[in-house]
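The block underneath contains the structure these notes are about, expressed in structure tokens.
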Amino acid sequence: METGSDLVLKILEDISFERINPSMAGGLSLLIKPVSADCNMRCQYCFYIRPGDPYRFEEHPAMDDVILRTMISGYMKSAGRCASFGWQGGEPLLAGIDFFKRVVDYQQRYGLSAQLVSNNLQTNGALLNDEWARFFKRYHFFIGLSLDGPEEYHNTYRHSLNGNNSFHQAMKGIQALRDHEVEFSILTVLNDVTVKRPAELYQFFIRNELYFLQFIPCVEIDRDAQEVKGYSVSVENYRDFLCTLFDVWYNKGKPLASIRLFENILAIYMRMDPEICAFQNQCGSYVVIEYNGDVYPCDFFVEEQWMAGNLLATPINEIVKSQKLQTFNSRKMQQSSECHSCEWNFICHFGCQHYRLPDGRNYLCDAYKEFFSYTQERFDLLKQNLNLTLRSEFQLL
């Protein structure tokens, strides 16, 4: 196991050399929903279960072979040296293993000379078994697995359609990945329950040797009532979560785990481009491809007003230049006047559009400002230590 500055240095190298997200090489990555929002679970906080989803009445949607081949061939011609595919849902494994065998076949068939290809897949883990794990290992898929912490917390909002214990299913999926040495990370959705238990969540992951972590705050705003839904995190609780999580993670400058948010902030302190889209200058590092070839700017905004085109009618390289996508991407900079003068805007760059309130403010803004201030000194120390490590390594070369 890697520990301390070695682990953080490795993450920064991953960001620097586009291993985590090849789109950072200057290209575009795809987030593909081969079965749309179809899923074998019904998580209460799932943002796809909402009235505005254009595909909510589709029964078992599935990407057909024509769209799959058109998507891969067209994208790889324009992707440049790095082609990044992200497979999401719903539950993408519902597409079946034969679907993903065709994915790899088409990537090999249409790939350009010396082109790098990455496949990242997000799953709830319930369908993972030895066959899937062997396939992922053979073709170097990176897997994100959803796990909200210990059993009592994970099962609070995450419910399996077949009545099985969703926590046990996820842990069984993790074991299958480990048995076949598949690279994976954990994605935790913070809700009104888990956001109050940062240290307990962190220790659970460390105890179970889960060292690559991502925490996503659940914020669903009821636009009619102008308030957040009950399972969402409060600003105060999210602030306290981040500060306490950083305290236990920092570990006197020798963290035991990789936390995606923290390492991206550290990358910014080191004058590197962040890998997460929320902290980039503008939106547009990826597009969403629905099962039928429809293209959207963001998985939080799969809404009729933002549908930018269809792959069967327009090549992907033309769709990404469309006025609709350009309009969406530029909206990130259209925040409240407070953001433009904020001392922390060099980190968050106005934040994610999904968390924006009607008055232009970001719902999580106050939480981030206090967290950035609380951790500034220790991020500076981490930066200094890593710069010393980097200089020492270059001197040895």
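The figures here come from the full heavy-atom set of this structure, side chains too, leaving out hydrogens, waters and symmetry mates. All residue numbers in this chain count up from 1 along the given sequence.
When all heavy atoms of N124 and C39 are compared, the closest pair comes out as ND2-SG, 3.8 Å. When every heavy atom of T123 is checked against every heavy atom of L121, the shortest pair comes out as CB-CD2, 3.8 Å. Summarising the geometry of L112 relative to M76, their closest heavy-atom pair is CD1-O, 3.5 Å, with the distance given to 0.1 Å. Considering every non-hydrogen atom in both V189 and T194, the closest pair reads O-OG1, 3.6 Å. Heavy atoms only, all atoms of each residue included: A257 and I206 are closest at CB-CD1, 3.8 Å. The nearest pair of heavy atoms linking S166 to N155 is OG-OD1, 2.8 Å.
The backbone N or O of P217 lies less than 3.5 Å from a partner atom in the side chain of Y355, making a donor-acceptor pair. In this structure a side-chain-to-backbone donor-acceptor pair under 3.5 Å is present from S232 to E220. For N362 (side chain) and G351 (main-chain N/O), no donor-acceptor pair under 3.5 Å exists by modelled atom type. Listed for the Q280 side chain is a donor-acceptor partner under 3.5 Å among the backbone atoms of E275. Counting only distance, with no hydrogens or angles, the side chain of S330 and the backbone of Q326 share a donor-acceptor pair below 3.5 Å. A side-chain donor-acceptor contact under 3.5 Å links T188 to the backbone of L147. Looking at K33, its side chain never comes within 3.5 Å of a backbone N or O of D38 through a donor-acceptor pair. The backbone N or O of A278 lies less than 3.5 Å from a partner atom in the side chain of K332, making a donor-acceptor pair. Side-chain atoms of Q122 come within 3.5 Å of backbone N or O of G144 as a donor-acceptor pair. Without hydrogens or angle criteria, S322 side chain to I319 main chain gives a donor-acceptor distance under 3.5 Å.
Listed by chain and number, the residues in a ring pair (Phe, Tyr, Trp, His ring centres under 6.0 Å) with F136 are W132, F141 (sequence neighbours excluded). Residues passing the side-chain hydrogen bond (donor to acceptor under 3.5 Å, both in side chains) test with N164 are N162, sequence neighbours excluded. Residues satisfying the side-chain hydrogen bond (donor to acceptor under 3.5 Å, both in side chains) test with E343, not counting sequence neighbours, are none.
Looking only at atom types and distance, the side chain of D192 has a donor-acceptor partner in the side chain of Y157 under 3.5 Å away. A side-chain donor from one of E290 and S36 sits under 3.5 Å from a side-chain acceptor of the other. Using a 3.5 Å distance cut-off with no hydrogens or angles, the side chains of N119 and Q107 do pair a donor with an acceptor. A donor-acceptor contact closer than 3.5 angstrom is absent between the side chains of Y202 and D247.
Rounded to the nearest 0.5 angstrom, F184 CZ and F142 CZ are separated by 8.5 Å. Interatomic distance, Y110 OH to I72 CD1, rounded to the nearest 0.5 Å: 9.0 Å. Between the NE2 atom of H340 and the CG atom of N345 there is a distance of 7.5 Å, given to the nearest 0.5 Å. To the nearest 0.5 Å, the span separating CE on M171 from CD on Q175 amounts to 8.5 Å. Once rounded to the nearest 0.5 Å, the distance linking SG of C277 with CG of L31 reads 9.5 Å. Rounding to the nearest 0.5 angstrom, the gap separating the CZ atom in F279 from the CG atom in L261 is 5.0 Å.
For Y368 and W344, the gap between ring centers reaches or exceeds 6.0 Å. Aromatic ring centroids of Y153 and F204 lie 6.0 Å or more apart.
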Handout entry: Verdict with reasoning, E377 to D380, per side chain to side chain contact (heavy atoms under 4.5 Å, CB included)
Key = CA-CA 5 Å; E377 182 177 335; D380 277 329; 5.7 Å; no
Handout entry: Step-by-step side chain to side chain contact (heavy atoms under 4.5 Å, CB included) determination, H168 to E151
Key = CA-CA 8 Å; H168 292 166; E151 182 174 358; 3.5 Å; yes
Handout entry: From CA spacing to verdict: side-chain hydrogen bond (donor to acceptor under 3.5 Å, both in side chains), E263, S258
Key = CA-CA 7 Å; E263 268 115 25; S258 159; 2.8 Å; yes
Exercise for the section: Could you give me the CA-CA distance, side-chain angles and deciding distance for F85 and Y75, then say whether ring pair (Phe, Tyr, Trp, His ring centres under 6.0 Å) is met? Expected result: CA-CA 10 Å; F85 296 83; Y75 171 60; 5.1 Å; yes
Practice task
Begin with the C-alpha distance, continue with both residues' side-chain angles, and end with the deciding distance and a verdict on side chain to side chain contact (heavy atoms under 4.5 Å, CB included) for F135 and I97.
Solution key: CA-CA 8 Å; F135 173 82; I97 197 166; 4.0 Å; yes
Practice task
Any chance you could lay out the side chain to side chain contact (heavy atoms under 4.5 Å, CB included) test for L201 and L213, step after step, and finish with the verdict?
Solution key: CA-CA 11 Å; L201 288 183; L213 310 173; over 6 Å; no
Practice task
Take Q323 and T327, measure what side-chain hydrogen bond (donor to acceptor under 3.5 Å, both in side chains) needs, and give me the verdict at the end.
Solution key: CA-CA 6 Å; Q323 185 59 52; T327 298; 3.2 Å; yes
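Note: H154 and F167 have perpendicular aromatic rings, judged against thresholds of 30 and 60 degrees for the angle between ring planes. Using cut-offs of 30° and 60° for the angle between ring planes, the F246 and W249 rings count as tilted. In this structure, F371 and F379 have perpendicular ring planes: the angle between them is above 60°, well past the 30° mark. Using bins of under 30°, 30° to 60° and over 60° for the plane-to-plane angle, the ring pair F241/Y238 lands in the parallel bin.
In terms of hydrophobic clustering, with Ile, Leu, Val, Met, Phe, Trp and Tyr side chains grouped at heavy-atom distances under 4.5 Å, F372 and Y374 are assigned to different clusters.
Other residues, nucleotides and ligands place no more than 12 heavy atoms under 6.0 Å from the CZ atom of R138. Counting non-hydrogen atoms of other residues, nucleotides and ligands closer than 6.0 Å to NZ of K172 gives a total of 12 or fewer. Environment of CD in E181: sparse, with no more than 12 heavy atoms of neighbouring residues, nucleotides or ligands closer than 6.0 Å. Within a 6.0 Å radius of NZ in K229, more than 12 heavy atoms belonging to other residues, nucleotides or ligands are found.
N191 places none of its side-chain heavy atoms less than 4.5 Å from the side chain of Q44. Residues I174 and I186 have side chains in contact (heavy-atom distance under 4.5 Å, counting atoms from C-beta outward). Between F100 and V104 there is no side-chain heavy-atom pair separated by less than 4.5 Å. For the pair D148 and T156, the minimum side-chain heavy-atom distance is 4.5 Å or more. Put simply, the side chain of S84 does not reach to within 4.5 Å of the side chain of Y286, judged on heavy atoms. The shortest side-chain heavy-atom distance between F262 and P255 does not fall under the 4.5 Å cut-off. Side-chain contact between F300 and Q353: absent, with no pair of heavy atoms (C-beta onward) separated by less than 4.5 Å. Side-chain contact between V287 and I316 is present, with at least one heavy-atom pair separated by less than 4.5 Å.
A salt bridge does not link D179 to K137: none of the charged nitrogens lies less than 4.0 Å from a carboxylate oxygen.
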